[in-house]
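Written below as structure tokens is the structure these notes are about.
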Amino acid sequence: MLDIKVTRSEHLKQKPADETALGFGRLFTDHMFVMDYEEGRGWHDAQILPYGCFAMDPASMVLHYGQAIFEGMKCYRRADGHLQLFRPRDNFARMTRSAQRMGMPALDEETALEGLLQLIRIEADWVPHRDGTSLYIRPTMISMDVGLGVHASRTYRFFIILSPVGAYYKEGLKPVSIYVEDEYVRAVRGGVGFTKCAGNYAASILAGDVAEKKGYSQVLWLDGVEQKYVEEVGSMNMMFAYGNKIVTPKLNGSILPGITRDSILKLARQLGYETVEDRLNIHEIFADAKSGKLTEAFGTGTAAVISPVGVLAMKDEKITLGDGGIGVLSQKLYDTLTGIQYGRLPDENGWILPVND
Ligand code: COI
């Protein structure tokens with residue numbers, strides 16, 4: 001593990017007075033963690049610095065060829081004031097998998113975790129107190145070489161920034177409306193759909209914008225070959241409930257292996273529900289919703305937590321799922337997951353890492 005140099009900011013920002021108005025990813029704390037990589041030298045110069053701009057050459061490779069990957073995790077404040085992280089090692093391990101696919105170097109996961117812990121201890125007062133709020137953590141890795149030849153960069157930068165957040169969707173835990181995208185696709189097998197690379201999100205922006213103008217919160221992506229099988233919603237994995245059975249698209253290389261997805265599948269089984277990972281035909285989902293066999297649908301993600309889906313629309317068809325409100329199962333899984341994350345429930349799976357106990 002690398003030594004981490006700390007330089008404190010001399011101009012601390014005002015902390016948000018109203019935690020009901022945090023929104024998502026609009027405010028950033030006073031410091032950030034940065035470390036650099038160079039071929040032959042490895043990761044070096046790990047440091048915590050005042051939050052600020054990077055000087056970038058306009059020919060920096062990340063700006064042209066998009067070697068950029070990121071993660072999303074959260075720090076939670078327990079009722080006794082102590083802070084804790086949820087499965088941070090899994091996020092850093094996933095970042096290394098993303099890096100490998102994108103031709104980038106494996107992360108120094110131990111230094112990244114130690115840097116994150118030290119950064120949060122410095123920024124502890126930024127972790128909000130209100131129920132449902134948290135400190136969102138955004139680790140990112142970008143290529144830094146200057147030049148226009150398309151090849152792997154020799155230099156990379158890894159950084160972590162922090163943002164106090166409330167709910168990702170303006171609806172909070174109220175059900176969101178989702179549009180099933182039938183023109184564009186997000187990813188194909190053999191591509192980079194399973195990585196958390198910036199390009200996957202760039203590819204989703206146009207469709208998301210069009211859906212938003214029609215009054216939907218997000219789009220649901222279908223597979224890139226037949227445009228028939230459910231993939232994911234970009235900001236979350238999708239789950240569908242048939243009574244006590246939860247079904248979700250299986251990991252096929254083109255969807256993100258969500259850490260919240262994995263946690264919810266494990267918790268659901270521990271609570272006695274059946275879980276199935278399979279190919280899900282969107283036309284069957286619509287038919288099952290109409291016949292009442294499909295009882296609930298919800299998305300899972302770090303930012304979105306559990307987000308019930310009240311309405312699904314595709315072309316001219318629009319269906320309401322369940323009674324359009326938050327379902328019993330979604331609520332139960334939300335309460336269980338957030339209960340563990342905020343320290344109200346015991347962590348029987350070893351997912352919690354205390355920051356300052
Ligand atoms: C997360 O849930 O942390 C993500 O990275 C999704 C992003 C679209 C906010």
Side-chain angles (χ1 to χ4, degrees), residues 22-29 66 68-76 85-99 102 107 112 116 120 127-128 132-142 158-173 176 178-179 181 186-187 192-209 211-212 216-221 231-239 248 251 254-265 298-309 333-334 337-338 341 351:
L22 288 174
F24 184 85
R26 296 199 295 249
L27 302 168
F28 297 95
T29 68
I69 55 175
F70 67 93
E71 277 299 321
M73 51 183 133
K74 283 176 172 171
C75 176
Y76 305 87
L85 297 169
F86 185 73
R87 306 186 68 174
R89 288 191 173 87
D90 293 304
N91 284 89
F92 287 134
R94 184 172 65 183
M95 185 166 233
T96 286
R97 291 197 300 277
S98 295
M102 299 294 288
L107 182 63
L116 173 61
I120 293 180
V127 184
T133 63
S134 56
L135 189 67
Y136 185 76
I137 299 161
R138 175 49 66 86
T140 307
M141 192 196 296
I142 54 175
F158 170 80
F159 57 91
I160 303 175
I161 54 174
L162 306 174
S163 172
V165 298
Y168 183 68
Y169 294 114
K170 65 176 181 348
E171 290 87 344
L173 193 53
V176 292
I178 302 280
Y179 188 77
E181 177 59 48
R186 172 188 171 275
V192 294
F194 71 93
T195 72
K196 216 159 164 57
C197 75
N200 285 336
Y201 296 80
S204 77
I205 284 172
L206 172 64
D209 249 22
E212 228 172 84
Y216 298 93
S217 297
Q218 292 257 321
V219 302
L220 172 63
W221 296 102
E231 296 256 295
E232 59 161 83
V233 175
S235 56
M236 50 191 196
N237 293 111
M238 276 302 300
M239 302 210 176
T248 192
L251 301 179
S254 63
I255 67 173
L256 188 80
I259 288 159
T260 313
R261 173 190 182 279
D262 180 71
S263 308
I264 287 297
L265 289 175
F298 55 92
T300 63
T302 298
V305 194
I306 284 191
S307 191
V309 175
L333 290 168
Y334 177 88
L337 177 70
T338 56
Q341 291 171 331
W351 287 338

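Computation of the quantities below employed the complete heavy-atom set of this structure, encompassing side-chain atoms and omitting hydrogens, waters and symmetry-equivalent molecules. As the structure lists them, so they are numbered: ligands from 1, and atoms in each ligand from 1. Small disclaimer: the values here were computed from a predicted structure and weren't measured.
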- Using distance alone, determine whether Tyr136 and ligand 1 share an N or O pair under 3.5 Å. yes

- Message: Using a 4.0 Å cutoff against the non-hydrogen atoms of Ala303, which atoms of ligand 1 qualify?
- Response: 1 (C), 2 (O), 3 (O), 9 (C)

- Residue Phe70 vicinity, atoms of ligand 1 by number, heavy atom under 4.0 Å: 5 (O)

- Message: For Phe92 and Phe158, take the angle between the two ring planes, folded into 0 to 90°, and tell me which bin it lands in: parallel under 30, tilted 30 to 60, perpendicular over 60.
- Response: perpendicular

- Query: What atoms of ligand 1 come within less than 4.0 Å of a heavy atom belonging to Gly72?
  - Reply: 3 (O)

- Ignoring angles and geometry beyond distance, decide whether Lys196 reaches within less than 3.5 Å of ligand 1 through its nitrogen or oxygen atoms. yes

- Query: How close does the nearest protein non-hydrogen atom get to atom 9 (C) of ligand 1, and which residue and atom is it?
  - Reply: Tyr168 CE1, 3.7 Å

- Is the distance between the ring centroids of Tyr334 and Phe298 under 6.0 Å? no

- Item | Any side-chain donor near an acceptor of the partner, Tyr169 and Ser235, under 3.5 Å | yes

- Item | Interatomic distance, Gln341 atom CD to Leu85 atom CG [nearest 0.5 angstrom] | 11.0 Å

- Query: Measuring from the heavy atoms of Arg138, does anything fall under 4.0 Å of ligand 1?
  - Reply: yes

- From Asn91 CG over to Thr96 OG1, what is the distance, rounded to the nearest 0.5 angstrom? 11.5 Å

- Query: Backbone or side chain, does any N or O of Gly234 fall under 3.5 Å from an N or O of ligand 1?
  - Reply: no

- Item | Option from Ile178, Val309, Val176 for which side-chain contact (heavy atoms from CB on, under 4.5 Å) with Val233 holds | Ile178

